[in-house]
2 protein chains.
Amino acid sequence: MKHSKDAIVTTLKAKGLRITPQRYAVYANLLGRRDHPTVDQILQDLNQELPISSQATVYTSLQALRSVGLVREVLLEEGVCRYDANVEPHHHFRCRDCGAIHDIAWSAFPTLDLVALQPRLQAERYEVTVYGQCGGCQGDPGTIED
Amino acid sequence: MKHSKDAIVTTLKAKGLRITPQRYAVYANLLGRRDHPTVDQILQDLNQELPISSQATVYTSLQALRSVGLVREVLLEEGVCRYDANVEPHHHFRCRDCGAIHDIAWSAFPTLDLVALQPRLQAERYEVTVYGQCGGCQGDPGTIED
DNA sequence: CTTTGTGCAAACGATTTGCAGGATG
DNA sequence: CATCCTGCAAATCGTTTGCACAAAG
C-alpha cells in the first residue's frame, strides 16, 4: 500500500523523468525490497516471468533515478554496487557471514556532533556502518547467500 | 621513526609472511602514507624511480597483507578499492569535491551503544563515515585530484 | 514530430588467474 | 630443495558506451 502505481508515476514525473515501463519497473522493484540489490539481482527479478528490461537499461535507469535523488548506491563490499530506494538518512548493518545488508533507523543512535572535527573538515552528513552477524547466521553455518 | 625497516620486517615475519622486496615495498609504502591509495597509486609510487613491482604482484601482496590483518580495504567510492595500513578502529571523512579520504580518530565521537539494535542483529564493530568538504576544497573550485 | 530511452554488442577498467621461471627460508 | 612469489598476458566481472530502432510527450 505504501507505493501505489500512481504514486510511483507521480514521483517520477515530479522529478522530470519520462515514464517508461523499464524505468518504472526498476524503481518499483527497488521500492518493494529491503535488501539493497545489485544490478543483476534487479534484472533477474524483473525478468523472472517475462522479459522486461535489458542489463544496460537497468544501469541507465538507475543512473537516471540517482541523478534526481530517488535512489542511491550502497558501497559495502568490493566489486559490486548495491542500490537503495530509501534515500532518507539511515545507517547500515552488514552481516559478515552472508553479506546481507539491513537498514538501521537513524534514531537508533544519538546524533553525533560533527562540529568538533578536525578544523579544516567541513562535515555535511554522516552515517554509521555496523558489522556483525545477522539473525539467520547465528548458529547456522555461514551460508553465503548472494 | 615510527616504521623502521627492521620493525616492518619483524611485523611481516610475525604474521608468517615471507619477506620479499615487493611485499615489503607495498607494506612500507602504505605505512608511510595517509591517503588511502588505490592499487595504481601504490604501483606508480613504487616504480617512480626504478621498477619494483608489477600490478599483479601489488594485488597479491595486498591480499596477503589483508589476510593477516595488516592492511584493510576502504570502500567509499564506486569502482575502486582503496587500502589502509591503519587497522586500528577509526572513522573516515570523504571530501565530496576532491574525493580525498581523511582518518578521523576513534575518540572524536562518543562510543555508540550497539546493544539495543534490532534484536537479531549481533553487532561486532562499527565505524562512522562523514561526508563533506575538506580544507583544500573550501573556496577553491572543485579540483578533482585523483 | 522532437526528444529521450531501449537493447544489443563492443568497449572499458579494475581485479583475478594460469603458468613458467625465480626467489625465499 | 621444497615451497611460495613474481610477472606477464589472458581471462573475468561489473559497468559504460555507440548506435540503430522504438517509444514518450
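Throughout, a chain's letter reflects where its sequence line sits, starting with A, and its residues are numbered from 1. Just so it is clear, the structure is predicted and the values come from calculations on it, not from any experiment.
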(message) For dG7(C) and S53(A) - does any side-chain N or O of the residue sit under 4.0 Å from the phosphate oxygens OP1/OP2?
(response) yes
(message) Using whole Å, what does the distance between atom P of nucleotide dG13(C) and atom CD of E77(B) come to?
(response) 16 Å
(request) Whole angstrom is fine here: how far is it from OH in Y24(A) over to P in dG5(C)? (result) 19 Å
(request) Identify which nucleotide among dG7(C), dC8(D), dA14(C) has an atom closest to any side-chain atom of S54(B), counting heavy atoms from C-beta outward. (result) dC8(D)
(message) Without decimals, in angstroms, what is the distance between Q63(A) CD and dT6(C) P?
(response) 13 Å
(request) Determine: side-chain N/O of T57(A) to OP1/OP2 of dG7(C), distance under 4.0 Å, yes or no. (result) yes
(message) Counting the atoms with a prime plus P, OP1 and OP2 as sugar-phosphate, which does I52(B) contact under 4.0 Å by heavy atoms, base, sugar-phosphate, or nothing?
(response) sugar-phosphate
(request) Could you check how far CG of L12(B) sits from P of dC4(D), rounded to whole Å? (result) 17 Å
(request) Check whether any side-chain nitrogen or oxygen of R23(B) sits under 4.0 Å from OP1 or OP2 of dC5(D), and answer yes or no. (result) yes
(request) Would you indicate, yes or no, if dT16(C) has its OP1 or OP2 atom less than 4.0 angstrom from a side-chain nitrogen or oxygen of Y59(B)? (result) no
(message) Closer than 4.0 angstrom, basic N to acidic O: yes or no for D45(B) and R33(B)?
(response) yes
(request) For D103(B) and H36(B), test the side chains for any donor-to-acceptor distance below 3.5 angstrom and give the result as yes or no. (result) yes
(request) Looking at every strand, decide which applies to T20(B) at a 4.0 Å heavy-atom threshold: base, sugar-phosphate, or nothing. (result) sugar-phosphate
(message) A cation-pi test, strictly: NZ or CZ of R125(B) under 6.0 Å from the centre of the six-membered ring of Y131(A) and no more than 45 degrees from its axis. Yes or no?
(response) yes
(message) Can you tell me if Q55(A) touches the phosphate of dC8(C), counting only side-chain N or O atoms and a distance under 4.0 Å to OP1 or OP2?
(response) no
(request) For the pair R66(B) and E78(A), find out whether any cationic side-chain nitrogen is under 4.0 Å from an anionic carboxylate oxygen. (result) yes
(message) Base, sugar-phosphate or nothing for E78(B)? Non-hydrogen atoms, less than 4.0 Å.
(response) nothing
(request) Using the closest heavy atom to pick a nucleotide of DNA chain C for each, name whichever of P21(B) or D40(B) lands nearer the 5' end. (result) D40(B)
(request) Please step through salt bridge (Lys or Arg N to Asp or Glu O under 4.0 Å) for the pair E124(B) and R96(A), ending with a clear verdict. (result) CA-CA 10 Å; E124(B) 293 168 349; R96(A) 63 158 154 82; 2.8 Å; yes
(request) Starting from C1' on dA2(D), measure out to CZ on R18(B) and report it in whole angstrom. (result) 9 Å
(request) Figure out the CG/P separation between L43(A) and dC13(D), and round it to whole Å. (result) 16 Å
(request) Starting from P on dT15(D), measure out to CZ on R82(A) and report it in whole angstrom. (result) 10 Å
